[in-house]
Number of protein chains: 2
Amino acid sequence: MTDVARVAGVSHQTVSRVLSDHPNVSAKTRAAVTQVIEQLGYRRNSAARALATRRTHTLGVIAVNTTLHGPASTVAGVQEAARDRGYLTSAVTLRTATQTALAEAMQHLAGWGVEGIVAVTPQRAAVRALAALEAPCPVVTVEGGHTLDLPGVSLDQSLGARMITEHLLASGHATVWHVAGPPDWLESEARTQGWEDALRDAGAEVPPVLRGDWSPLSGYQAGQQLAGRFRTSRGRGTGLTAVFVANDQMALGVLRALREAGLHTPEDVAVAGFDDIPEAEFFPPPLTTIRQDFASIGRDSIGLLLDHIEGRTDESTHLVVAPELIVRASTARRIAPPGT
Amino acid sequence: MTDVARVAGVSHQTVSRVLSDHPNVSAKTRAAVTQVIEQLGYRRNSAARALATRRTHTLGVIAVNTTLHGPASTVAGVQEAARDRGYLTSAVTLRTATQTALAEAMQHLAGWGVEGIVAVTPQRAAVRALAALEAPCPVVTVEGGHTLDLPGVSLDQSLGARMITEHLLASGHATVWHVAGPPDWLESEARTQGWEDALRDAGAEVPPVLRGDWSPLSGYQAGQQLAGRFRTSRGRGTGLTAVFVANDQMALGVLRALREAGLHTPEDVAVAGFDDIPEAEFFPPPLTTIRQDFASIGRDSIGLLLDHIEGRTDESTHLVVAPELIVRASTARRIAPPGT
DNA sequence: GACCGAATTGTTAACGCTAACAAGCGGTAA
DNA sequence: TTACCGCTTGTTAGCGTTAACAATTCGGTC
């Protein structure tokens, strides 16, 4: 900066003013300085800037297992939104969301002076650990539920599950079975809750819940159990004709298991998933599912975080993003519903 | 730090020495200072540290379209490796790899004083743009090929394609058809090259190449064309009995198109993919594919980058990571190969 | 022509840390 | 005893920027 000042024949402070778009700089000086900056390829040192302003303009992102479609898309959405708002993001990826791992990640980010953290923590244990930790800066959770008083953004998982379930009931199924995700995951619990609520509201019987771990393999195993139930439950109130699987990957496994058992989808058993991964449209058959708007989730979480950082609010607001139902062949109508 | 020094009754420099593990500090002082640090919850300011040492210990990651399985896993691998080596990573995700977008991302990172950049640039245009840009710090490419003299790491795409093709030929197919990825992608080109080389080496005829854009939909469209070819090419040298699809997502589309056309996999047409996405094992039928070791790629790229940063080398070495063939039902043997 | 206020520019002192050197303090060898 | 060494600790001066204030310039007014 001193170099630029010398070449342009002004003080370094004037250069600083030009760079910060300060109003009180004459057009002539501004032009001259700008030209010298260009010519010398000068760029200001963010570390020094951070030191002087006590602002780093950096946000941290903590996420678990970012190779899955959901987390990967969420993180991408968050990063994009942060960049649009002029912040650098630094992502730390954890393999497991233990309290120590989370604490370490936070130290790591805090050491770099991040002004806020977006934590993508869909597991109950992770949110609890997060709430227990005393953060060195504002923290916003994504998919962290709203039970603890941390500000956050989530997709309305429960509504999504309800939409799917009601869609299946409306298609003529007496009830809907459910393959849930792992018990510790908030997303999993909310989806199960939405499914159950929808069944109760409709006066349908609530069949026992099967569980998977989000992986296609676990879906496959659940599917094999379902195939067995198909025979034994026939004609009863909980007769197996429709299944809501808690994510698309498991649904793929379920579809394979049903197919191997000689059952047809959707004729014998209708199947629906959740997430709308890019592959879902090409499953055998194309899968009815719920789409999440990851860009919105990213924008909202960054907006919320900046509200806290810039002191516009200190409440722990919880924003909810609406899901979208995508109907495909895997849940084609069984009988004409009333009124059509 | 001044506070810590005052409470511990030493100079701030001694505190600094304790934090930097300087050898010449007495055990007693060290213990006292450590305790005060703990007690006050002090953490040193990285911006000031960066300013004084002229080192930021931050690496940048530039990637395109990180919601796909490949890039997402690569970025995760790179970040993990960087963290293990004590560096903070800052990821910038681009939607498209235009020269301007790349330049902007670099400016963004350079402004934060990153000491090196890992660029995940599988498109030819992106690498070319990268090579044209004068970087403010060492840059290592991942999947950027080795045509331009940038140091980099890649999976041996061409070898993977060769392994797949040879596996199919060994399974009794006279030749192997190919659905390629978009022409500008190096991965796509290397896979096509490996396939073609394997066919030529085996003296098999080289059928015309079909193209997709990595998406399941494009695979589906290619699959429809293939189904048409199945009838017309029957009995000829280029008879369609096996297809190598350049990635698993497209392979899913191909499988669906073939199924809809009444063709059976692998009895009528064997299909193989590339990437080994988690879903591949549950495709109808389970897909033969190539697995990439993303953790190795991450480790190698960070290792290479640090070699450059820390001045251990300035050659543009290009490391290659070996692929792994995963054989599944989609390519079950057609006839017993010689010798079994 | 002196004086005022606004606009523009310059000067100085932080920001929190590390590097380089200086100082103190025992112990050892001449 | 004196000189010198090694270990430990303290002092000072930056690193490159911005904030706060001081100084200068300029156009207009009385």
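Letters A, B, ... are given to chains in the order of the sequence lines, protein chains preceding strands, and every chain is numbered from 1.
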Interface residues of [range] with DNA chain D (non-hydrogen, below 4.0 angstrom):
| range | result |
| --- | --- |
| residues 1-18 of chain A | Met1(A), His12(A), Gln13(A), Ser16(A) |
| residues 24-39 of chain B | Asn24(B), Val25(B), Ser26(B), Thr29(B) |
| residues 47-57 of chain B | Leu51(B), Ala52(B), Arg54(B) |

Over all heavy atoms of both residues, which pair between [X] and [Y] is shortest? Give the atoms and the distance, please.
| X | Y | value |
| --- | --- | --- |
| Ala105(B) | Val92(B) | CB-CG1, 3.9 Å |
| Gly70(B) | Phe294(B) | O-CE2, 3.6 Å |
| Val120(B) | Pro122(B) | O-CD, 3.4 Å |
| Gly298(B) | Ser301(B) | O-OG, 2.9 Å |

(request) Applying side chain to side chain contact (heavy atoms under 4.5 Å, CB included), run through Arg299(A) and Val153(A) and close with a yes or a no. (result) CA-CA 10 Å; Arg299(A) 263 196 310 279; Val153(A) 179; over 6 Å; no
(request) Check step by step if side chain to side chain contact (heavy atoms under 4.5 Å, CB included) holds for Asp275(A) and Arg291(A). (result) CA-CA 5 Å; Asp275(A) 280 350; Arg291(A) 181 178 295 168; over 6 Å; no
Expected list for residues 304-311 of chain A: side-chain donor-acceptor pairs under 3.5 angstrom, two or more places apart:
unit_1, atom_1, unit_2, atom_2, d
Asp307(A), OD1, Arg312(A), NE, 2.9
Asp307(A), OD1, Arg312(A), NH2, 2.9
His308(A), NE2, Glu315(A), O, 3.0
Glu310(A), OE1, Arg312(A), NH1, 3.0
Glu310(A), OE1, Arg312(A), NH2, 3.4
Glu310(A), OE2, Tyr87(A), OH, 3.2

(message) Does Glu115(A) form a side chain to side chain contact (heavy atoms under 4.5 Å, CB included) with Thr58(A)? I'd like the steps, not just the answer.
(response) CA-CA 6 Å; Glu115(A) 294 179 22; Thr58(A) 304; over 6 Å; no
(request) With axes from five pairs an end, tell me the bend angle of the helix from dG1(C)-dC30(D) to dA30(C)-dT1(D), nearest 10°. (result) 70°
(request) Test Val36(A) against every option in Val18(A), Asp3(A), Val10(A), Val7(A) by the side-chain contact (heavy atoms from CB on, under 4.5 Å) rule and name the one that passes. (result) Val7(A)
(request) May I have the distance from Asn45(B) (atom CG) to dA14(C) (atom P), rounded to whole angstrom? (result) 18 Å
Return all side-chain donor-acceptor pairs below 3.5 angstrom for residues 132-144 of chain B, not counting sequence neighbours, or 'none' if the list is empty.
unit_1, atom_1, unit_2, atom_2, d
Thr141(B), OG1, Pro151(B), O, 3.4
Glu143(B), OE1, Gln157(B), NE2, 3.0
Glu143(B), OE2, Leu155(B), N, 3.1

(request) For Ile62(A) and Leu102(A), run side chain to side chain contact (heavy atoms under 4.5 Å, CB included): C-alpha distance rounded to whole Å, both residues' side-chain angles, the deciding distance at 0.1 Å, then the answer. (result) CA-CA 8 Å; Ile62(A) 299 181; Leu102(A) 267 170; 4.0 Å; yes
(message) If the threshold is 4.0 Å, N to carboxylate O, is there a salt bridge linking Arg30(B) and Asp21(B)?
(response)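 Looking at Asp21(B) together with Arg30(B), the answer is yes, because their closest N to O distance falls below 4.0 Å.
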